[in-house]
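Because only heavy atoms are used, hydrogens play no part in the values below, and waters and symmetry mates are left out as well, while side chains stay in. Source: prediction; values computed, not measured.
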Amino acid sequence: MKISYNWLKQYVDFNLTPKDLGEVLTGVGLEVEDIIPFETVQGGLEGVVVGEVKECGKHPDADKLSVTKVDVGTGELLQIVCGAPNVATGQKVLVALVGSTLYPVSGDKLQIKKAKIRGVESFGMICAEDELGLGESHAGILVLPAQTVIGLKAADYFKIEKDYTLEIGLTPNRADANSHIGVARDVATALNVAYKSKVNFTKPDLSKFESVSGDNSKSTLVEVQDKEACPRYSAINISGVTVKESPDWLKNKLKAIGTRPINNIVDATNYVLNEYGQPLHAFDADKIAGGKVIIKKLPEATVFKTLDEKEIKLSADDLMICDSEGGLCIAGVFGGANSGVTDTTKNIFLESAYFAPSGIRKTATRHGLRTDAATHFEKGCDPNITVDALKRAATLICELSGGKVTSQITDQYPSPIEGWRFEVSYDRMLRLAGFPMPKEVIKEILERLEIKIEKEEGDTLHLLVPAFKTDVKREADVVEELIRIYGYNSFTISKTLKSSLSYSPAVDAQKTENQVADMLSGAGFNEIWTNSVTQSKFEEDEQLKQQQVKLLNSETSELDSLRTSMLYSGLEVIAYNVNRKATNLRLYEFGRTYSKAEGKYVESRHLTIFLSGKSAEDNWLEKGAAFSFYGLKSFVINVLGKLGHHHFETVVTENAPFAFSLSLKNEGIEIARLGSVSKQTLSKFDIKNEVFFADLNWDYLLEKTQFHKVEFRELAKFPSVRRDLAMLINEDVQFEAIEKIASAESKKLLQEVSLFDVYKGDKIEQGKKSYAVSFIFQHPDKTLTDQEIEKLMSRLMGKYENELGAVIRKS
């Protein structure tokens, strides 16, 4: 939001520099992001003065150039070479002196330097209006009246106005400050309370409205059919206007805040919008068919032509301003092509209304129409100033256009919105604030912020918060208002610290996440961040479909729900990269999923890993191997091991969206699921390469990691012993079963079990497979003998034969 320094001073009589004002505004929660000098002519015409041409002759070496002698009031004449056809002796002209900078309307800035033009020295430049940024004409130099004083600064002659534009990062909860008056209210309150400066806060004088009121001969009827979408509608008729260019003071005010002047009628409504924060709309009254305005919703897919000549199809939920023939305007959002003010408009119907914020937001989003009016309405305007803003705008329009008010004010407000009533306690407010504030100061702040104290009973205040403070609805909100005005810098920090020390084994979630991220990045992975908002149609799991959290106000019709799985947003990233010839991908993401179960919303943290393509690029020596399920599993096992999770159950599954997958469980809870994404799912994203995906239950892993202790263990002093064992087992026996038996049988001595060969084929009976497994044993205190190893291996072979039905193959 942009605020004009000079404009703000119309309402508060402060004596602050723009920088100091910025500090005050930032202190009250209106963060000033930038302060930009503004001049009605860029550069302020610095270094440009009035001169008189004393001599003018032809250039000796150029037919179209003249050599002049110009008096600029310094006591000596300047020689200036000029190319304008209309330069002549005796003219009063504008001279840009050496060292000045001009900002022509045609392009880049122009630095005036001492120059030699066709062999003749030139000490300045006699300017045309376009070279000064004053207009478009380049027909010749700008000639001033003969009585103009020599040496007068051009900035003084043209009355160049200087201002400062303050760019405020307005947060969504501060709709009350979305105008100059709203900002002025905060400035005045802060200066009086926190800075002990006695300043006055003055709102515009509306008494002039009576002087522009005429008869009631031209009144447009109003009918509000949808009172929920339009709680208040105020309007008035103005007749006999002349549409023309606005005066300089109005154009300069609008330019200072980045608004382009259009004409006196539209500029007046924009002025009031930025003054009060109340959008207004001016209709050509003669184009309102039937002499009646109807506020209603039109049927679905009704075609409407907007002000910029575009045709859109309306939703049945769009509120419209209509006449007897159809739509005139999308209420609070955008004007229509056939009802707006033009150069020939003579009579105006001026609207000042309060529309329900949610409806405006949905309509503006639905049609992609982001206007200043819509932005104000959707944040929440003050429903109780529509008439004040109407009077202010009507007065300005009449003064600027010569018109007269020719109707009574129409004001349909069946259910007035007073604001919010609730009780607050001095004691509770001070405990929330955390530091003392005098009661009188509290009451002064509330009064200056227009929060009414209806009754005071002992420690309790009965408050009526005005409707324009859309975010102040409870005691904590009032405390926030008090603190920001009283001043965050007014806090006194105690020299003593009172706290109770407690020990908790809670894990540092951010540190753990960073450690795992470093590990994956070190393994060649790239971290991705994807949108939590996704398309509900992606979800294939029927149970998760029922748990989706749908958006009420989605940006687009496609992005309509929060994600229940991080798979689909990751696949969008893979598709984006594959389409740009980046096919070998290692990706990971920390994120959240959202679901709704048993009436409650659940937010869960996850770590996801994606592999696609090859593990290495092809080179002259060898071709890169394609990623496999086992490669993905190794990365998952490494992450789990990093977090202290070494033992878990594995269950093979074939649920969508996987072609096949493995579920890792601990204590009956799934800690990870990994597998190959089905071709059906990949086809939705036009991905042809195989994609391996792992989803780790990050909430559970963090919770259990706190109990994992890293212990120091001395390096072994005695050698390890390896034994290999080949066995024939049923195809449905998993390696995990072999590993579990070995661990249980020789827990203290067994260091590692690994599978180094698998064979399936016609050389063994059907339904069987051959495993070659290696075992590494080591004793911490001695060297193991062959007898001890053989005894241990015999026990293991017996277990495998009895429990797994294995046939040990003798070498």
Side-chain angles (χ1 to χ4, degrees), residues 172 175 178 220-236 269 273 276-283 288-290 292-307 312-336 339-340 349-387 389-390 409-420 467-468 470-471 473 551-555 557:
N178 202 9
T220 302
L221 297 177
V222 173
E223 179 186 352
V224 180
Q225 291 186 3
D226 193 331
K227 294 178 174 59
E228 185 177 342
C230 179
R232 188 175 192 181
Y233 194 88
S234 307
I236 202 169
T269 61
L273 166 65
Y276 276 89
Q278 171 62 42
L280 301 103
H281 191 75
F283 298 86
I288 300 174
K292 183 178 181 180
V293 165
I294 308 163
I295 296 87
K296 63 179 181 179
K297 294 173 181 175
L298 295 176
E300 184 74 29
T302 299
V303 177
F304 177 72
K305 184 180 284 189
T306 59
L307 191 61
I312 61 173
K313 289 186 178 180
L314 299 174
S315 163
D317 294 326
D318 295 334
L319 187 66
M320 299 292 294
I321 311 299
C322 306
D323 61 12
S324 61
E325 294 181 356
L328 298 172
C329 167
I330 304 176
V333 178
F334 213 66
S339 63
F349 175 76
L350 185 62
E351 164 196 284
S352 177
Y354 173 74
F355 300 114
S358 60
I360 299 298
R361 180 172 57 251
K362 290 176 184 177
T363 294
T365 302
R366 187 180 296 118
H367 299 295
L369 298 171
R370 309 305 303 174
T371 60
D372 286 342
T375 301
H376 279 74
F377 277 127
E378 65 186 34
K379 286 184 176 179
C381 295
D382 184 358
N384 297 311
I385 63 165
T386 60
V387 172
L390 193 65
I409 292 177
T410 297
D411 185 26
Q412 296 198 19
Y413 196 16
S415 302
I417 304 170
E418 286 190 277
W420 297 273
F468 63 78
T470 56
D471 200 51
K473 297 181 179 179
L551 299 186
L552 295 177
N553 301 308
S554 60
E555 287 290 331
S557 58

Do side-chain atoms of Thr363 reach the backbone of Asp318 as a donor and acceptor pair under 3.5 angstrom?
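Not at all, since once roles are kept as given, no pair shorter than 3.5 Å links the two residues.
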If we ignore hydrogens and angles and just use 3.5 Å, is the side chain of Gln278 paired with the main-chain N or O of Ile385 as donor and acceptor?
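Checked: no pair found.
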What residues, two or more places apart in sequence or in another chain, satisfy salt bridge (Lys or Arg N to Asp or Glu O under 4.0 Å) together with [X]?
X      : answer
Glu300 : none
Lys227 : none
Asp471 : none
Lys305 : Glu309

Less than 4.5 Å apart, any side-chain heavy atom of [X] and any of [Y]?
X      : Y      : answer
Thr410 : Phe349 : no
Val387 : Arg232 : yes
Thr386 : Tyr413 : no
Leu314 : Met320 : yes
Ile312 : Phe334 : no
His281 : Ile321 : no

Show the nearest heavy-atom pair for residues [X] and [Y], with the distance to one decimal.
X      : Y      : value
Gly277 : Cys381 : O-SG, 3.6 Å
Ser352 : Leu390 : CB-CD1, 3.8 Å
Ile417 : Pro231 : CD1-CB, 4.4 Å
Ala353 : Tyr233 : CB-CD1, 3.6 Å
Val224 : Cys230 : CG1-O, 3.8 Å
Leu298 : Cys322 : CD2-SG, 4.0 Å

Quick one: pull up [atom1] in [X] and [atom2] in [Y] and give me the separation to the nearest 0.5 Å.
X      : Y      : atom1 : atom2 : result
Thr220 : Leu350 : OG1   : CG    : 11.0 Å
Leu307 : Ser339 : CG    : OG    : 8.0 Å
Ser315 : Lys362 : OG    : NZ    : 10.0 Å
Thr375 : Asn178 : OG1   : CG    : 8.0 Å

Please name all residues satisfying side chain to side chain donor-acceptor pair (under 3.5 Å) with [X], sequence neighbours left out, ordered by chain then number.
X      : result
Thr306 : Asp308
Lys297 : Asp226
Asp323 : none
Thr371 : none

Which residues satisfy the ring-ring contact (aromatic ring centres under 6.0 Å, His included) test with Tyr276, sequence neighbours excluded?
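Testing Tyr276 for ring-ring contact (aromatic ring centres under 6.0 Å, His included), a comparison that skips the adjacent residues, returns none.
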Please name all residues satisfying side chain to side chain contact (heavy atoms under 4.5 Å, CB included) with Lys292, sequence neighbours left out, ordered by chain then number.
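Lys292 satisfies side chain to side chain contact (heavy atoms under 4.5 Å, CB included) with Leu221, Glu223, Ile294 once adjacent residues are dropped.
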Residue pairs passing the ring pair (Phe, Tyr, Trp, His ring centres under 6.0 Å) test where at least one lies in residues 354-383, sequence neighbours excluded:
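Found Phe355-Phe377.
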Salt bridge (Lys or Arg N to Asp or Glu O under 4.0 Å): which pairs involve residues 372-386, sequence neighbours left out?
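Non-adjacent pairs meeting salt bridge (Lys or Arg N to Asp or Glu O under 4.0 Å): Arg370-Glu378.
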Decide side chain to side chain contact (heavy atoms under 4.5 Å, CB included) for Val222 and Ile295; before the verdict, give the C-alpha distance in whole Å, the side-chain angles of both, and the deciding distance to 0.1 Å.
CA-CA 8 Å; Val222 173; Ile295 296 87; 3.9 Å; yes
